[in-house]
Amino acid sequence: PDRIIILDIALMNDYFREKIRTPISWIDHHDPQEKLPKNISYYNPKKFAPDSYIPTSQVAYEALHAEEGMHELSWVAAAGCIGDYVLPNFLDELNAQFPYILGGHHDLDMIRYHSPLGTITRMFSFLTMGATADANNNMKILTRLTDPQELTEGTTSRGRFLIKQFKKIDKQYQQIL
């Protein structure tokens, strides 16, 4: 590859870090790393504001949202923020673009547990669990979604497939609880 992009990973394996010669862009929000090889471009808001807690999904969205086609993915970045227990700073923009996605809520816990966005957040997490082949297939399909209603309403065949996969994993999760 021309470049490796690493998102939201607190620590990188030393062997990987030292042996890979391909340029690496690493965006994170955990405790900052020091003394990195020259092939790694590292961005972490905590380097500039140690007490900050800004999810990587928000950092990536802020960096890319002006690019063509990226504004429509605000719901993906928002799900990442909710997964990190943070209300995204673009909540009003998200609500204007997708009025149904917050379920009328503006409180973090209510959004996380009682809104379509909270369901999407759980779906993103659960769909990467299970057998590696299944998780990889789910990820491939997730990268092709264009609208959150594919996941919340099953408006496409790929959305219905992912909903079915999610319900299967969620059923196992609920049995554990």
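The structure presented is a predicted model; accordingly, all values stated were derived computationally and were not measured.
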For Arg158, salt bridge (Lys or Arg N to Asp or Glu O under 4.0 Å) partners two or more places apart: Glu150

Output every pair passing ring-ring contact (aromatic ring centres under 6.0 Å, His included) with a member in residues 133-155, not counting sequence neighbours, ordered by first then second residue. none

Supply the members, apart from Val86, of the Ile/Leu/Val/Met/Phe/Trp/Tyr cluster built from side-chain contacts under 4.5 Å; use none for a lone residue. Tyr53

What residues form a side-chain contact (heavy atoms from CB on, under 4.5 Å) with Asp51, not counting sequence neighbours? none

What residues, two or more places apart in sequence or in another chain, satisfy side-chain contact (heavy atoms from CB on, under 4.5 Å) together with Ala77? Tyr61, Phe90

Residues that, via side-chain heavy atoms closer than 4.5 angstrom, fall in one hydrophobic cluster with Ile27: Ile5, Leu7, Tyr43, Phe48, Ile54, Val59

Arg17: salt bridge (Lys or Arg N to Asp or Glu O under 4.0 Å) partners, not counting sequence neighbours: Asp14

Could you note down all residue pairs passing salt bridge (charged side-chain N to carboxylate O under 4.0 Å, His left out) where residues 20-48 supplies at least one of them, sequence neighbours left out? none

So which residues get pulled into Leu11's cluster when ILVMFWY side chains under 4.5 Å apart are joined, directly or through others? none

Atom CG of Asp92: over 12 foreign heavy atoms under 6.0 Å: no

Whether Gln149 side chain and Thr156 backbone form a donor-acceptor pair below 3.5 Å: no

Any pair counted as side chain to side chain donor-acceptor pair (under 3.5 Å), so long as it reaches residues 168-177, sequence neighbours left out: Asp170-Gln174

Measure up the Phe98 and Trp75 rings against each other and bin them: parallel (under 30°), tilted (30 to 60°), perpendicular (over 60°). perpendicular

Who are the side-chain contact (heavy atoms from CB on, under 4.5 Å) partners of Ile163, not counting sequence neighbours? Met123, Lys167

Taking ring-ring contact (aromatic ring centres under 6.0 Å, His included) as the definition, give me every residue that meets it alongside Tyr85, ordered by chain and number, with sequence neighbours left out. none

Starting from the C-alpha separation in whole Å, work towards a yes-or-no answer on side chain to side chain contact (heavy atoms under 4.5 Å, CB included) for Leu142 and Leu162. CA-CA 8 Å; Leu142 282 168; Leu162 290 173; 3.8 Å; yes

